[in-house]
Amino acid sequence: MKIFHYINFSLIFLFLVAICVIEDVYVNKSLTQTQYDCLQLEKQLEYDESLLTMQMSLLVDNLQYHWDNNESDLCYMVNHKSIQEIGTEIAKIKSYVASNDVDAFKVSIETIKYYCKAYLHFMGASGHNIL
């Protein structure tokens, strides 16, 4: 009878590990997508040197669309207050595009990349997070 307790404990432990790994993969995918979108914006800014282009507008809309989709799912996995800064910076980016404020735009892109890098660092799967 005692063997069934060990089997149940092992199955529960493996189930929890699987959930943590799936969460880690999704969080990494979401934040990596956001970083990629930011890099695309930077490349386009180097090419055009203006925010008032159709391509820049499309890239900003893509960034916001991807973030909105990922943020709603990330809120189930992490504390919403931990990731709301990225959404705030994206809102600022949209206003900077409207006013063609390139310097503030660059600062916001760097801020988003910094938050993504920091979140990727501490939201990853580790033995401490699994236990």
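Using a 4.5 Å heavy-atom threshold, the side chains of Glu71 and Ile83 count as touching. Put simply, the side chain of Gln35 reaches to within 4.5 Å of the side chain of Leu120, judged on heavy atoms. Under the 4.5 Å side-chain criterion, counting only non-hydrogen atoms from C-beta, Ile86 is in contact with Tyr119. For the pair Leu45 and Leu41, the minimum side-chain heavy-atom distance is 4.5 Å or more.
Hydrophobic clustering, with ILVMFWY side chains joined whenever heavy atoms are under 4.5 angstrom apart, keeps Ile19 apart from Leu11. Two different hydrophobic clusters hold Phe9 and Leu14 under the rule that ILVMFWY side chains link at heavy-atom gaps under 4.5 Å. Linking ILVMFWY side-chain heavy atoms closer than 4.5 Å, directly or via other members, places Ile22 and Leu16 in two distinct hydrophobic clusters.
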Counting only pairs under 3.5 Å, give me each side-chain donor-acceptor contact of residues 104-111, with atom names and distances, residues two or more places apart or in other chains.
| from | atom 1 | to | atom 2 | distance (Å) |
| --- | --- | --- | --- | --- |
| Ser108 | OG | Glu89 | OE1 | 2.9 |
| Ser108 | OG | Ala104 | O | 3.4 |
| Glu110 | OE2 | Lys113 | NZ | 3.3 |
| Thr111 | OG1 | Val107 | O | 2.8 |

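When every heavy atom of Lys94 is checked against every heavy atom of Val60, the shortest pair comes out as CG-CG1, 3.7 Å. Scanning both residues, Ala98 and Leu52, for their nearest heavy atoms gives O-CD2, 4.3 Å.
The backbone N or O of Leu51 lies less than 3.5 Å from a partner atom in the side chain of Asn100, making a donor-acceptor pair. Formation of a donor-acceptor pair under 3.5 Å by the Asp24 side chain with backbone atoms of Cys20 is not found in this model. Proximity of a side-chain donor or acceptor of Thr32 to a complementary backbone N or O of Lys29 within less than 3.5 Å is not detected. Formation of a donor-acceptor pair under 3.5 Å by the Ser30 side chain with backbone atoms of Tyr26 is found in this model.
Every residue was checked against the salt bridge (charged side-chain N to carboxylate O under 4.0 Å, His left out) condition with Lys43, not counting sequence neighbours, and none meets it.
With rounding to the nearest 0.5 angstrom, the OG atom of Ser95 is 12.5 Å from the CD1 atom of Ile90. The line from CD of Gln44 to CG of Leu39 is 13.5 Å long, rounded to the nearest 0.5 Å. In this structure, OH in Tyr47 is found 10.0 Å from OG1 in Thr53, a value given to the nearest 0.5 Å. Here the CD1 atom belonging to Ile112 is positioned 5.5 Å from the CG atom belonging to Leu63, to the nearest 0.5 angstrom. We find the CG-CE distance between Asp61 and Met56 to be 12.0 Å, quoted to the nearest 0.5 Å.
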Intermediate values then yes/no, side chain to side chain contact (heavy atoms under 4.5 Å, CB included), Tyr36 and Gln33: CA-CA 5 Å; Tyr36 176 77; Gln33 177 66 44; 4.1 Å; yes
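Under the side-chain hydrogen bond (donor to acceptor under 3.5 Å, both in side chains) rule, Tyr65 has a single partner from Asp68, Asn69, Asn62, which is Asn69.
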